[in-house]
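As C-alpha cells, the structure follows; a few thoughts come after it.
Throughout, protein chains are lettered first and strands after them, A, B, ... in sequence-line order, and every chain is numbered starting at 1.
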Amino acid sequence: MPELPEVETIRRHLAPRLEGRRLTTIAVHDPRWCRPLTPDAMASACEGRRIERLDRRGKYFVVVLEDEAFLLMHLRMTGTLLYDAAAGTPHRRVTFSLDDAHEVAFCDPRRFGTGELALGAEALRAFFAPRLGIEPLAGALTGPALREMARGRRGPIKAFLLDQRHVAGVGNIYADEALHRAGVHPLRPAGSLRPRQYAMLAQAVTAALQAGLDAGGATLDDFRHPDGVRGGFQHEFLVHLRRGQPCGTCGTTIVKFVAGGRGTYACERCQPRPRVRRGPITAGR
DNA sequence: CGCCCTGTTGGGGA
DNA sequence: ATCCCCAACAGGGC
C-alpha cells in the first residue's frame with residue numbers, strides 16, 4: 001500500500017539514478033497500465049527523451065521529460081518501481097530501459113497502477129488541478145487552510161481527509177493516525193471542528209506523513225530486492241490502531257467501524273463521538 | 001480444499 | 001454534495 005511517504009521515498013531513491021539519463025525504450029507488458037492510451041502511443045511520446053527530473057504530486061510520480069512531456073504514474077495499492085529488478089520478478093507491467101543499461105520495472109500484482117501522459121505544461125496543470133489539493137509536506141497545510149476548505153461540509157472529517165482534492169496524499173492509515181493524534185473522531189462532520197482542532201489536525205497530518213517519510217528513508221535501503229518496498233515499511237512509527245487493542249494513550253479498547261467507506265480504527269475516549277449524527281436514527285454503536 | 005470476505009485508490013454513476 | 005460500486009487479486013477465516 002504505497003502511501004505518500006512510500007512514494008516520496010521511492011522518488012528520492014530513484015531520482016538520482018534517473019535524472020539526466022535518456023529513456024531508450026518503454027516495454028508495456030500489460031496494455032491496461034496506460035489505458036486509454038495505447039502502449040505504442042505512450043512509447044512513441046516518451047522514448048528517446050532525456051529525463052530531466054523525477055517529481056511527485058500527491059501520490060503521483062511525475063517523470064519530467066525534455067520538451068515538456070510528463071509521464072505520470074500512480075502505484076495505487078500494490079504497485080512498486082524496482083531498479084534493476086531480478087530476472088523473473090513477477091507481476092511486471094512495464095519495463096523502462098535507460099541509456100546507461102539500467103532499467104526500472106513497474107510491478108503490480110493487482111494491476112491497479114496506472115501510467116498517463118501529459119504533453120505540455122498546461123496539460124500537466126489541467127490534469128492535476130481537478131484532482132489534487134494542498135501538498136501537506138510543503139508547509140501549506142495549516143489550521144486556517146483546513147478550516148476554510150472544510151467550511152460548510154457535512155460529510156465525515158475522515159472522508160474529507162481522504163479526498164485528494166483537499167489535501168493531496170492522505171491515505172487510510174494516515175487519516176486514522178492523524179485523527180487519533182488530533183483527538184478528533186472520524187465521523188465528526190468535516191465543517192464542525194473548533195478552530196483549535198483544525199490546527200491540531202493540520203499539524204497531525206503533516207507530522208504523521210513526515211514520520212512515515214523518516215521511517216521509510218531509514219529502512220528502505222535496497223530497491224533491487226523484489227519485496228524491497230513492502231518489506232521495508234513496517235509502520236512502526238504509527239500508533240498502531242487495531243481493533244481490540246488498547247489505545248497507546250489511554251488504554252481504552254480500539255474500535256473499528258466504517259467511515260468514508262473505509263475500515264476505520266479509533267479510540268472513542270481520545271476521540272469522542274459527535275453528539276449528533278447524520279442519517280436515520282440508529283441505536284448506539 | 002474451496003468459498004467468501006476484506007482491504008486498497010481513483011473514477012464514475014446515482 | 002454525498003454515497004455506493006467497481007476495477008483485480010492476495011490472504012485470511014471458516
task = Quick one: list whatever passes side chain to side chain contact (heavy atoms under 4.5 Å, CB included) with Asp40(A), sequence neighbours left out.
result = Thr38(A)
Let me check something: any side-chain donor-acceptor pairs from residues 63-73 of chain A under 3.5 Å, sequence neighbours excluded? List them with distances.
from	atom 1	to	atom 2	distance (Å)
Glu66(A)	OE2	Arg22(A)	NH1	2.9
Glu66(A)	OE2	Arg50(A)	N	2.8
Glu68(A)	OE1	Ala121(A)	N	3.4

ask   = Excluding sequence neighbours, so at least two apart, what forms side-chain hydrogen bond (donor to acceptor under 3.5 Å, both in side chains) with His185(A)?
value = Glu268(A)
request  = Pick base, sugar-phosphate or nothing for Arg153(A), based on heavy-atom distances below 4.0 Å to the nucleic acid.
outcome  = sugar-phosphate
task = Rounded off to whole Å, could you give me the CG-to-P distance for the Leu161(A) and dT2(C) pair?
result = 14 Å
message = Rounded to whole Å, how long is the line connecting atom CG of Leu132(A) with atom P of dT9(B)?
response = 14 Å
key: Arg57(A) CZ - dG10(B) P separation (whole Å)   = 12 Å
note = note: Tyr174(A), atom OH; dT9(B), atom P; distance rounded to Å ~ 12 Å
ask   = Given atom OH of Tyr265(A) and atom P of dT6(B), what is their separation to the nearest angstrom?
value = 11 Å
5'-most by nearest nucleotide on DNA chain C - Arg35(A) or His91(A) = Arg35(A)
query = Side chain of Phe112(A): nearest nucleotide among dC9(C), dA7(C), dT2(C)?
reply = dA7(C)
inquiry  = Applying a 4.0 Å non-hydrogen cut-off, can you work out what Gly261(A) is touching in the nucleic acid: base, sugar-phosphate, or nothing?
reply    = nothing
Which protein N or O atoms sit under 3.5 Å from an N or O of nucleotides 11-14 of chain B?
from	atom 1	to	atom 2	distance (Å)
dG11(B)	OP1	Arg131(A)	NE	2.8
dG11(B)	OP1	Arg131(A)	NH2	3.4

Whole angstrom value for the distance that separates C1' of dC3(C) from CZ of Arg262(A) = 13 Å
query = Do NZ/NE/NH1/NH2 and the carboxylate oxygens of Arg111(A) and Asp30(A) come within less than 4.0 Å?
reply = yes
ask   = Are Val258(A) and Leu187(A) co-members of a hydrophobic cluster defined by side-chain heavy atoms under 4.5 Å apart?
value = no
message = Tell me the interatomic distance from Leu72(A), atom CG, to dG10(B), atom P, rounded to whole angstroms.
response = 13 Å
Phosphate-side-chain proximity, His74(A) and dG10(B), N/O vs OP1/OP2 below 4.0 Å = yes
ask   = Within this structure, what is the CG-to-P distance between Leu162(A) and dG10(B), rounded to whole angstrom?
value = 9 Å
ask   = Between dC9(C), dT9(B), dT2(C), which one does the side chain of Lys59(A) approach most closely?
value = dT9(B)
query = Excluding sequence neighbours, so at least two apart, what forms side chain to side chain contact (heavy atoms under 4.5 Å, CB included) with Ala150(A)?
reply = Phe160(A), Ala190(A), Tyr198(A)
Per-pair distances, 0.1 Å, donor-acceptor, side chain in residues 128-139 of chain A, under 3.5 Å, sequence neighbours excluded:
from	atom 1	to	atom 2	distance (Å)
Arg131(A)	NH1	Phe127(A)	O	2.8
Glu135(A)	OE1	Arg56(A)	NH1	3.1
Glu135(A)	OE2	Arg57(A)	NH1	2.9
Glu135(A)	OE2	Gly58(A)	N	2.5

ask   = At under 4.0 Å, does any side-chain N or O of Gln164(A) touch on OP1 or OP2 of dG10(B)?
value = yes
